[in-house]
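Let me begin by presenting the structure, written as structure tokens, before commenting on it.
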Amino acid sequence: MENELISKKDLLELTGISYGQLYRWKRKMLIPEDWFIRKSTFTGQETFFPKEKILVRIDKIKDLKEDASLDELADILSPSPAEVEVEKNKLLHEKIVSEITMDLFAQALGLPEVFDFQKTLYAYLLDKMLASGEISGEEGKILLKTLEEHYPDFAGKPSELVFIRKLGVPLCLLISGTGQVSLDAGAKLVSRINISNVIEELKAKLADGGIK
Amino acid sequence: MKDRTRPNLKIIGNNSASGGQYSDVRIIGDGVVEGDVECINFKSVGDSKINGSVKADHLKTVGSISVEGSVESDSIAITGDLRSTGDIRVGDLRVKGGIITKSSIKGDDVRLTGHVEVKNNCEGESFRSNGQLTIGGLLSADDIDIKAYGRSRINEIGGDRIIVRKGPGIGRVIKSALAAAGFRSEMLEVNSIEGDEIRLEYTKAKVVRGKDIVIDGGCNIEIVEYKDSLRVHHGATVKQKRKI
């Protein structure tokens, strides 16, 4: 289950880590603040975590900490862009980005020789949205142009991508933080994506593909 | 910040200057700096006020310094007091006197003597304090050593080794007599404490969770959850003990 929670106690028991480690990793921002979910229980306040995410993260930290310092780890796991350069074919080969997305990317922004992290992110976001059937190819180009033009201002900060359609007219927004969005009755919220989460996902995929 | 070609700033007496990038900043007397300051060495004696943020390799103050913004430095040494509205990010932090921030402290080696008021979190590799503490958020460090004076209050403490001791105040005998009579004048109040090795004295807490826990005299704890060992001193009250 995606939204299953695990209590701190159970987490420590299950993973064999100590309070000291957990707090140290939190301080180093290896575990994002918003994963710490407070809830009242009969024993007072307790902290819970999104089970799947935290278990994957702790495995990753344990795995990586053998050969990287905590500060280096923080770089890998933080929402700020990694230093990556990937060739187009590699992205296609690792199935990070599909052919169709790549074509759209070429039409909208031109095809670069190598993709840096941000370009990879744009393509990956587009790929996600196309794959979910939420947007059309033409709308995808608007998305890419918005990202290309404005995402650099948001880089490294938590941000969200919001896609709205009203009377068939698409509208793409970038929002810093995770605020509330309200729309008038005629508008439809097509998609809302937390970019930080996507970045993590993408970094993990790149790492799996042996790119970083 | 090794650019020695930048100018120095010197304020002497009752005077003000504008912020900017400097090599060394020196304030003697009653100085006001308007705007953000970035420098290598920041030294002030007297009363200084910065209407902006401070970024310095080293910051040293004797007297008081008040910053309307954040403070970032490799080392901060204060004899007197430091106030800030923004975050304090620091390597070594040494304060004798007081430190008050409306935001958070994030440091490596933090040693505080005197009055401490932090609105949000206080983090470090090592945290030592000797005095009255008020921390609205989480106090987190590998090594936490607190000598609490007066009425100290911390929302949450988390770390590896956590020691809370009672600061010297009135003698122990009078103290325990007062405590018996229902007076709790000197005590650290915490909602939750979580760590691997915990040793507490004169602490009132809702929950204490850890691996090896020692609850010494003067404590009043509602729930203790321990993994390996628990020792409770006869002068301490623990309502519920649970081994997990």
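Just so it is clear: chains get the letters A, B, ... in the order the sequence lines come, proteins before strands, and each one is counted from 1. Keep in mind that the numbers below use all heavy atoms, side chains included, and drop hydrogens, waters and symmetry copies.
Proximity to chain A among residues 158-165 of chain B is limited to B/G158, B/G159, B/D160, judged by heavy-atom separations below 4.5 angstrom. For a heavy-atom cut-off of 4.5 Å, chain A lies close to B/E194, B/G195, B/D196 in residues 192-200 of chain B.
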May I have the step-by-step check of side chain to side chain contact (heavy atoms under 4.5 Å, CB included) for A/R27 and B/D142, ending in yes or no? CA-CA 10 Å; A/R27 282 201 305 277; B/D142 279 349; 2.9 Å; yes
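Once rounded to the nearest 0.5 Å, the distance linking CD1 of B/I157 with OH of A/Y19 reads 14.0 Å. Between atom CG of residue B/L138 and atom CD of residue A/E33 there is a gap of 8.0 Å, rounded to the nearest 0.5 Å. Within the model, atoms CZ of A/R38 and CD of B/E156 stand 4.0 Å from one another, a figure rounded to the nearest 0.5 Å. If you take NZ on A/K9 and CZ on B/R209, they are separated by 5.5 Å, rounding to the nearest 0.5 Å.
Residue-environment remark: NZ (B/K243) exceeds the threshold of 12 foreign heavy atoms within 6.0 Å. Surrounding NZ of B/K241 are at most 12 heavy atoms belonging to other residues, nucleotides or ligands under 6.0 Å away. Counting non-hydrogen atoms of neighbouring residues, nucleotides and ligands closer than 6.0 angstrom, the CZ atom of A/R165 exceeds 12 such neighbours. Around atom CZ of B/R128, more than 12 heavy atoms belonging to other residues, nucleotides or ligands sit under 6.0 Å away. For B/K106, the NZ atom counts as densely surrounded, since its 6.0 Å shell holds more than 12 non-hydrogen atoms of other residues, nucleotides or ligands. Summarising the local packing, CD of A/E134 is surrounded by more than 12 heavy atoms from other residues, nucleotides or ligands at distances under 6.0 Å.
In summary, A/K28 and B/E123 do not engage in a salt bridge, as defined by a charged side-chain N under 4.0 Å from a carboxylate O.
Every pair passing salt bridge (charged side-chain N to carboxylate O under 4.0 Å, His left out) that includes a residue from residues 119-128 of chain A is listed here, sequence neighbours excluded: A/K128-A/E201. Annotation: salt bridge (charged side-chain N to carboxylate O under 4.0 Å, His left out) contacts involving residues 84-102 of chain B, sequence neighbours excluded, comprise B/R94-B/D109.
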